[in-house]
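Contents: one structure, followed by commentary.
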Amino acid sequence: GAVVSQHPSRVICKSGTSVKIECRSLDFQATTMFWYRQFPKQSLMLMATSNEGSKATYEQGVEKDKFLINHASLTLSTLTVTSAHPEDSSFYICSAREGGAGEQYFGPGTRLTVT
Amino acid sequence: DAKTTQPTSMDCAEGRAANLPCNHSTISGNEYVYWYRQIHSQGPQYIIHGLKNNETNEMASLIITEDRKSSTLILPHATLRDTAVYYCIVREGYGGATNKLIFGTGTLLAVQP
């Protein structure tokens with residue numbers, strides 16, 4: 001199956017700083033990428049959907065100015081958590097899809113800890 | 001909101017078939033049934049999907065009822081490595097406004113030695 005990578009796998013940052021997470025589709029062109037967040041013992045929650053070259057569409061309740069998403073190429077999307085706080089500590093997972101009807105493939109996730 | 005209902009947890013003996021049920025009584029005609037699983041602290045892994053016919057691949061079989069209101073994922077010979085949370089998701093096909101995966105709570109399958 002298609003491969004999606006994320007970098008870094010783990011990151012620890014201080015409160016008030018910003019953190020960037022990269023998501024790459026390694027063997028296909030991802031016209032659409034998705035960002036999810038997962039808190040301990042909970043399910044995945046969709047944060048936003050982005051199409052290459054367009055602004056991301058955020059789910060209700062997700063602050064677009066806090067979670068900046070850039071999808072500048074067909075193989076790379078980035079999520080920047082700005083002014084991170086301890087409550088932003090979570091498991092962030094990206095997903096990529098080729099075309100409108102293609103399957104969604106998931107990255108391995110990034111564990112963010114804000115101290 | 002998720003449009004599926006699954007049991008919270010299930011046990012299965014190693015080597016036996018694991019049958020995971022899912023109810024999706026409000027599924028519409030252009031929505032597919034997808035199954036993913038998530039092993040602890042990893043990203044979800046695609047398993048199988050179907051529209052109305054039963055499907056089989058190297059990982060599992062998917063049985064969809066004739067009225068499409070429920071389905072069952074079958075792992076024919078469960079191993080300890082199949083211990084994971086299994087998510088049943090309905091998703092629109094091409095071009096739909098809800099053409100994205102919305103996760104429910106899933107079923108924690110524990111395969112016992």
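In what follows, chains carry the letters A, B, and so on, assigned in the order in which the sequence lines appear, proteins first and then strands, with residues in each chain numbered from 1.
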(request) Using a heavy-atom cutoff of under 4.5 Å, enumerate the residues of residues 58-79 of chain B that contact chain A, numbered in order, or state 'none'. (result) none
(request) Report the relative orientation of the aromatic rings in F103(B) and Y87(B); use parallel for angles under 30°, tilted for 30 to 60°, perpendicular for over 60°. (result) perpendicular
(message) Under the disulfide (SG to SG under 2.5 Å) definition, can you give me all pairs with a residue in residues 6-63 of chain A, not counting sequence neighbours?
(response) C23(A)-C94(A)
(message) Could you tell me if R91(B) and Y32(B) have a donor-acceptor pair between their side chains, going purely by distance under 3.5 Å?
(response) no
(request) Check each atom of E59(A) against the heavy atoms of chain B and say whether the ones under 4.5 Å are side chain, backbone, both or neither. (result) side chain
Output side-chain donor-acceptor pairs under 3.5 Å for residues 41-55 of chain A, partner residues at least two apart or in another chain, one line each.
| residue | atom | partner | partner atom | Å |
| --- | --- | --- | --- | --- |
| S43(A) | OG | G104(B) | O | 2.4 |
| S50(A) | OG | H71(A) | ND1 | 3.0 |
| N51(A) | OD1 | T32(A) | OG1 | 2.7 |

(request) Heavy atoms only, distances under 4.5 angstrom: which of Q45(B), H40(B), H49(B) has the most pairs with chain A? Name it, please. (result) H49(B)
(message) If you take the centroid of each ring, where Trp contributes its six-membered ring, are Y36(B) and F106(A) closer together than 6.0 Å?
(response) yes
(message) Can you list everything that forms a salt bridge (charged side-chain N to carboxylate O under 4.0 Å, His left out) with K66(A)? Sequence neighbours excluded, please.
(response) D88(A)
(message) With heavy-atom distances below 4.5 Å as the criterion, would you say the side chains of K14(A) and V114(A) are in contact?
(response) no
